Amino acid sequence: MVWDPAQYLKFAGERMRPAVDLLARVPLAAPRTVVDLGCGTGNVTRLLAQRWPGAAVTGVDNSAAMLARAGDAGVADGRIRWQHADLAHWAPAAGEPLPDVVYSNAALHWLDDHPALFARLFAAVAPGGALAVQMPNQFRAPSHVALQETARRPRWRERLAPALRPAPVAGLDEYFAWLAPQATTVDAWTTEYLHVLPAGTDGEHPVVAWTRGTALTPFLALLDADAAQAFVDDYRTRIAAAYPPLADGRVLFPFRRQFVVALRR
Ligand SMILES: C[S@@+](CC[C@H](N)C(=O)[O-])C[C@H]1O[C@@H](n2cnc3c(N)ncnc32)[C@H](O)[C@@H]1O
């Protein structure tokens with residue numbers, strides 16, 4: 001899947017807010033090692049390094065483009081290491097202490113089989129450490145339903161079948177059930193943000209501009225340029241009906257996100 005750092009960062013402020021909300025609920029004063037899974041362009045990784053100045057921080061991602069952007073931004077004290085790896089197989093380096101914090105903002109919904117994934121990631125946390133995860137839970141919202149409906153149209157269905165997958169994010173109670181046996185506490189909650197998106201300067205619908213940086217990516221990766229354009233036009237028609245602009249051109253975009261912070265026994 002091809003990620004476009006510039007497109008993703010168009011809404012950097014809105015995307016950073018849940019990362020900060022998640023970080024605020026991690027009750028560790030001085031972890032020695034922190035891992036940021038699906039670190040993308042590294043904005044949040046740098047925030048982790050600021051919060052814990054004594055920690056060695058590793059940002060992990062499987063997008064060379066996102067990591068290149070992360071590395072370009074640099075870090076003054078060199079405490080952040082960038083690791084190119086697939087989270088489907090990621091594990092802490094053999095022979096090194098387990099990380100005290102395994103953090104992930106807006107990344108684990110790209111992976112399937114959450115019971116196995118969360119068991120594996122929680123086992124990778126040091127005793128007394130934290131697994132802290134935020135994932136969009138937007139799969140029943142018009143922005144994502146429209147994507148599925150468009151892709152299932154006869155015109156697109158065959159080509160886009162590989163990008164169609166069941167909603168990956170489970171209920172909060174299920175994350176609790178998977179993590180609680182190994183945890184001292186599991187703090188899980190949902191927040192719905194009302195993003196007020198500015199009118200696009202390029203004429204693009206702001207919700208389409210948003211999903212172009214994330215949920216649209218796997219669909220567009222399967223199409224050539226002309227087909228991608230036609231698919232987005234089709235998708236935009238549904239989005240425009242679901243998210244009409246206010247009189248001044250701004251668009252209200254409710255967005256649900258799910259959070260889990262589990263402390264390991
Ligand atoms: C929406 S971005 C979030 C980036 C960053 N955590 C943030 O909050 O700004 C999702 C990131 O997850 C990464 N990602 C998705 N699936 C992955 C996988 N299987 N292995 C590693 N990284 C993955 C993508 O490359 C992308 O950089």
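Every number for a ligand or one of its atoms is a count from 1 in the order of the listing. Computed from heavy atoms alone, side chains included, the values below leave out hydrogens, waters and symmetry copies. A quick note: this is a predicted structure, and the numbers were derived from the prediction, not measured.
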| Which is closest to atom 10 (C) of ligand 1 in terms of heavy atoms, Ala106, Gly40, Ala19, Ala64? | Ala106
| task | For residues Trp210 and His195, establish whether the separation of their ring centroids is below 6.0 Å. | result | yes
| field | Sub-4.0 Å heavy-atom approach of Met66 to ligand 1 | value | yes
| For ligand 1, is any non-hydrogen atom under 4.0 Å from Cys39's backbone (N, CA, C, O), its side chain (CB onward), both, or neither? | backbone
| said: Ring-plane angle category for Tyr175 and Trp178, please: parallel below 30°, perpendicular beyond 60°, tilted otherwise. | reply: perpendicular
| task | Could you see which bit of Leu87 sits under 4.0 Å from ligand 1, with heavy atoms only: side chain, backbone, both or neither? | result | both
| Considering distance alone, does some N or O of Asn62 sit under 3.5 Å from an N or O of ligand 1? | yes
| message | Counting only nitrogen or oxygen atoms and a 3.5 angstrom limit, does Asn105 reach ligand 1? | response | yes
| Donor on one side chain, acceptor on other, Arg256 and Gln138, under 3.5 Å | no
| query | Counting from 1, what ligand 1 atoms have a heavy atom of Ala107 closer than 4.0 Å? | reply | 12 (O)
| Sole candidate of Asp36, Thr58, Asp61 that passes side-chain hydrogen bond (donor to acceptor under 3.5 Å, both in side chains) when paired with Thr45 | Asp36
| Does Ser104 have a heavy atom less than 4.0 Å from any atom of ligand 1? | no
| said: For Phe139 and His144, take the angle between the two ring planes, folded into 0 to 90°, and tell me which bin it lands in: parallel under 30, tilted 30 to 60, perpendicular over 60. | reply: perpendicular
| Does Asp61 come within less than 4.0 angstrom of ligand 1, counting non-hydrogen atoms of the residue? | yes
| said: Parallel, tilted or perpendicular: which one describes the rings of Tyr243 and Phe253, with boundaries at 30° and 60°? | reply: perpendicular
| Do you know the tightest heavy-atom contact between Ala106 and Pro136? | CA-CD, 4.1 Å
| task | Check ligand 1 against Ala85 and write out every atom of the ligand that is under 4.0 Å from a heavy-atom position of the residue. | result | 20 (N), 21 (C)
| So is there a nitrogen or oxygen of Gly38 less than 3.5 Å from a nitrogen or oxygen in ligand 1? | yes
| message | Checking side-chain polar atoms at under 3.5 Å, does Thr184 have a donor or acceptor matched by the opposite partner on Arg264? | response | no
| said: Using a 3.5 Å cut-off on N or O atoms only, is Asp86 in polar contact with ligand 1? | reply: yes
